[in-house]
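All remarks here apply to the structure that follows.
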Amino acid sequence: MPLDRTSAFYEENAETYAKRVRSLPKQQLDAFLAGLAPGAAILELGCGGGQDSAYMLSQGFDVTPTDGSTELARQAETLIGRPVRVMLFQELDADSAFDGVWAHASLLHVPRSELPDVFARIRRALRTGGIIHATFKAGEAEGHDGFGRYYNYPSADGLSALLAKGGWRHITIEENGGGGYDGEPTRWITVMAHR
């Protein structure tokens, strides 16, 4: 399974990864939060070091942080001072429990063949009208980066078609240049959609 090396990377490098200098995606966070009612329930999938959850909590939202890595979850708990559930995306089984799902640079590790199921699980976890924010590294074919981490590297058109087929509404997709942990130039795809 392509995630084995990915999981190993995050377990073995959790402290370094969590404490790296990282710019908070404040513009995207604020745009996502603006679409939610004050105090709304948010599920963060792949919270990493916990910085995004900490920001959303500071803005008065009810955040449930999760991560697939036990070690990263521990790092995030130290930062935000609350439990972080260790959970793979494929284990999400909530039903109409959240107003928003924040999945910043996390779903990009889901094998392409499993993306439809994971998006269906997220859609089920959201209340009617709920919002998802997700970012992906753009590409044409799935593969691995220099650290051995698996990426699904979708295209914007492919993601749009997948979401539309899955019943999502008000789908907006943007592409922007940027970087990542590996220091390589990256085309980022940002997705926002409503249940």
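Residues: numbered from 1 along the sequence shown. Owing to the predicted nature of the structure, the values given are computational and were not obtained by experimental measurement.
The cluster map of Ile, Leu, Val, Met, Phe, Trp and Tyr, joined by side-chain heavy atoms under 4.5 Å apart, puts Ile132 and Ile42 in different clusters. Trp188 and Ile171 fall within the same hydrophobic cluster, where Ile, Leu, Val, Met, Phe, Trp and Tyr residues are linked whenever their side-chain heavy atoms come under 4.5 Å apart, directly or through other members. No chain of hydrophobic side-chain contacts below 4.5 Å, direct or via other Ile, Leu, Val, Met, Phe, Trp or Tyr residues, connects Met192 to Leu107. Under a hydrophobic-cluster definition in which Ile, Leu, Val, Met, Phe, Trp and Tyr are linked whenever side-chain heavy atoms come within less than 4.5 Å, directly or via other members, Phe98 and Trp168 are assigned to the same cluster. No chain of hydrophobic side-chain contacts below 4.5 Å, direct or via other Ile, Leu, Val, Met, Phe, Trp or Tyr residues, connects Leu33 to Leu126.
Residues Ala156 and Ile173 come closest through the heavy atom pair O-CD1, 3.6 Å. Between Leu79 and Gly49, the shortest heavy-atom distance links the atoms CD2-O, 3.4 Å. Of all heavy-atom pairs spanning Ala41 and Arg127, the tightest one is CB-NH1, 4.0 Å. Contact detail for Glu174 and Asn176: the closest heavy-atom pair is OE1-ND2, 3.8 Å. Residues Gly180 and Thr186 come closest through the heavy atom pair N-OG1, 4.0 Å. The minimum heavy-atom distance between Glu11 and Ser69, with the atom names listed, is OE2-OG, 2.9 Å.
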#### Entry: Test log, rule side-chain hydrogen bond (donor to acceptor under 3.5 Å, both in side chains), inputs Gln75 and Glu15
CA-CA 7 Å; Gln75 294 292 325; Glu15 187 170 0; 4.5 Å; no

*asked:* Set out, in order, the CA-CA distance, both residues' side-chain angles and the distance that settles side-chain contact (heavy atoms from CB on, under 4.5 Å) for Glu140 and Tyr153, then state yes or no.
replied: CA-CA 6 Å; Glu140 297 305 320; Tyr153 294 122; over 6 Å; no

message: As a quick check of understanding, evaluate side-chain contact (heavy atoms from CB on, under 4.5 Å) for Gln90 and Val118, giving each step before the final call.
response: CA-CA 6 Å; Gln90 296 85 342; Val118 169; 4.1 Å; yes

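The aromatic ring centroids of Tyr151 and His144 lie 6.0 Å or more from each other. Ring-centre distance between Phe9 and His109: not below the 6.0 Å cut-off. Here Tyr181 and Phe147 bring their ring centres to under 6.0 angstrom of each other. For Trp102 and Phe32, the gap between ring centers is short of 6.0 Å.
Listed by first and then second residue, the salt bridge (Lys or Arg N to Asp or Glu O under 4.0 Å) pairs involving residues 53-78 are Glu71-Arg74 (not counting sequence neighbours).
In this structure, OH in Tyr17 is found 7.5 Å from CG in Leu72, a value given to the nearest 0.5 Å. Note that CG of Leu88 and OG of Ser7 are 7.0 Å apart. Values are rounded to the nearest 0.5 Å. Atoms CG and CG, on Leu29 and Leu24 in that order, are 5.0 Å from each other to the nearest 0.5 Å. The line from OG1 of Thr190 to CD of Gln28 is 4.0 Å long, rounded to the nearest 0.5 Å. Atoms CD1 and CG, on Ile189 and Leu108 in that order, are 10.0 Å from each other to the nearest 0.5 Å. Rounded to the nearest 0.5 angstrom, Leu159 CG and Phe136 CZ are separated by 5.0 Å.
No side-chain donor-acceptor contact under 3.5 Å links Arg121 to the backbone of Phe89. Put simply, the side chain of Arg195 never gets that close to the backbone of Ile131: no donor and acceptor are under 3.5 Å apart. Looking at Ser106, its side chain does come within 3.5 Å of a backbone N or O of Leu45 through a donor-acceptor pair. For the pair Thr135 (side chain) and Ala105 (backbone), a donor-acceptor distance under 3.5 Å is present. Put simply, the side chain of Thr172 never gets that close to the backbone of His170: no donor and acceptor are under 3.5 Å apart. Within the 3.5 Å criterion, the main-chain N or O of Val110 finds a donor-acceptor partner in the side chain of Asn152. Side chain of Thr66 to backbone of Met87: no donor-acceptor contact under 3.5 angstrom is found. A donor-acceptor contact shorter than 3.5 Å links the side chain of Asp145 to the backbone of Gly148.
Salt bridge status for Asp95 with Arg124: absent, with no side-chain N to carboxylate O gap under 4.0 Å. The pair Asp52-Arg22 meets the salt-bridge criterion, with a side-chain N (NZ, NE, NH1 or NH2) lying under 4.0 Å from an Asp/Glu carboxylate O.
Of the residues Asp117, Val101, Leu43, the one that meets the side-chain contact (heavy atoms from CB on, under 4.5 Å) test with Leu92 is Leu43.
Shown here are the side-chain contact (heavy atoms from CB on, under 4.5 Å) partners of Lys26, two or more places apart in sequence or in another chain: Asp30, Tyr55. Take Glu175 and apply the salt bridge (charged side-chain N to carboxylate O under 4.0 Å, His left out) test, not counting sequence neighbours, and it matches Arg187.
Checked by atom type, the side-chain pair Arg149/Tyr10 shows a donor-acceptor distance below 3.5 Å.
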